[in-house]
Visitor: 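One structure follows; several queries about it will come next.
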Amino acid sequence: MTLPPTRYWLMKSEPEDCSIDDALAAPDATVPWTGVRNYQARNFMRDGMQVGDGVLFYHSSCAEPGVAGIARVASGTRVDTTQFDPASPYFDPKSAPDKPRWLLLDVQALRKTRVLGLAEMREQPALAAMRVLQRGNRLSITPVEPGEWELITQRLLA
DNA sequence: GCCAACGTTGGC
DNA sequence: GCCAACGTTGGC
C-alpha cells in the first residue's frame with residue numbers, strides 16, 4: 001500500500017480558548033487538540049491525519065475570523081481525557097472510560113501569520129470550494145486541497 | 001443578539 | 001427507522 005501524498009488540514013480554534021499565540025507559547029509550541037466532539041472530525045484525526053501533515057490554524061467565533069497561523073500534526077491520536085472530567089466544558093457523560101468516544105492529537109504551531117479573513121478568502125476563486133467558506137459549515141477539522149494550501153500559505157508568508 | 005445550518009436526541 | 005424538536009456553531 002502506497003502512502004498518500006502529504007496532506008493538509010484546517011483546524012478551528014476559538015482564540016479565547018487557544019489562540020495561535022497560546023500554541024506558540026506552549027512547550028515545543030505543541031498543544032493537545034482537546035474538545036473535538038463531532039464524529040466526522042474525530043474520524044479525520046483517527047483515519048486521515050498523519051504526523052507532519054500541514055495545518056491551517058483558524059480562529060473562529062471571534063472578532064477577526066480567519067487563518068491566523070501555520071502548524072503541523074505532531075502526534076497520532078490518543079484518548080481525550082477531558083471527556084471524563086465533569087468539570088470540563090468538554091465533559092461527555094455518555095462516554096465510558098473503558099470505551100472512550102473522543103480522541104485528540106497534538107498540534108505544533110510553526111508560525112503566526114497575519115489573519116487571512118473570510119472576505120479575502122472569498123475573493124479567491126480557487127478557494128471557493130473550501131468547507132470553511134460554505135454557509136452553515138460547522139465542522140472544526142476539514143481537509144484542505146494542495147492547491148488551496150499553496151495559495152493560502154503563499155499569501156500569508158509573502 | 002440574530003438566525004441559518006447542522007448534528008443529536010428521543011418518541012413513536 | 002422516521003422525523004420533529006432541540007441544542008450548538010459561528011458569521012454577521
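Computed from heavy atoms alone, side chains included, the values below leave out hydrogens, waters and symmetry copies.
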Visitor: Once you apply a heavy-atom cut-off of 4.0 Å, does A:Arg122 come out as touching a base, just sugar-phosphate, or nothing?
Guide: sugar-phosphate
Visitor: Going by ring pair (Phe, Tyr, Trp, His ring centres under 6.0 Å), name the residues that satisfy it together with A:Phe57, two or more places apart in sequence or in a different chain.
Guide: A:Trp33, A:His59
Visitor: In chain order, what residues pass the side-chain hydrogen bond (donor to acceptor under 3.5 Å, both in side chains) check against A:Arg42, with sequence neighbours excluded?
Guide: none
Visitor: Do any of residues 89-98 of chain A sit with a heavy atom less than 4.0 Å from DNA chain C, and if so which?
Guide: none
Visitor: By the salt bridge (Lys or Arg N to Asp or Glu O under 4.0 Å) test, which pairs, at least two apart or in different chains, include something from residues 20-30 of chain A?
Guide: A:Asp21-A:Lys112
Visitor: Ignoring hydrogens and angles, tell me if any N or O in the side chain of A:Gln134 forms a donor-acceptor pair with the backbone of A:Ala128 under 3.5 Å.
Guide: yes
Visitor: Ignoring hydrogens and angles, write down the donor-acceptor pairs under 3.5 Å from the side chains of residues 10-17 of chain A, residues two or more places apart or on other chains.
Guide:
from	atom 1	to	atom 2	distance (Å)
A:Lys12	NZ	A:Leu139	O	3.4
A:Ser13	OG	A:Cys18	O	2.6
A:Asp17	OD2	A:Tyr90	OH	2.7

Visitor: Which residues pass the ring pair (Phe, Tyr, Trp, His ring centres under 6.0 Å) test with A:Tyr39, sequence neighbours left out?
Guide: A:Trp102
Visitor: Please list all pairs meeting salt bridge (Lys or Arg N to Asp or Glu O under 4.0 Å) that have one or both residues in residues 119-134 of chain A, counting only residues at least two apart or in different chains.
Guide: A:Arg114-A:Glu120, A:Glu120-A:Arg155
Visitor: Would you please name every residue forming a ring pair (Phe, Tyr, Trp, His ring centres under 6.0 Å) with A:Phe44, sequence neighbours left out?
Guide: A:Trp9
Visitor: Extract, from 5' to 3' on DNA chain C, the first and final nucleotides lying under 4.0 angstrom from some heavy atom of chain A.
Guide: C:dG7 to C:dC12
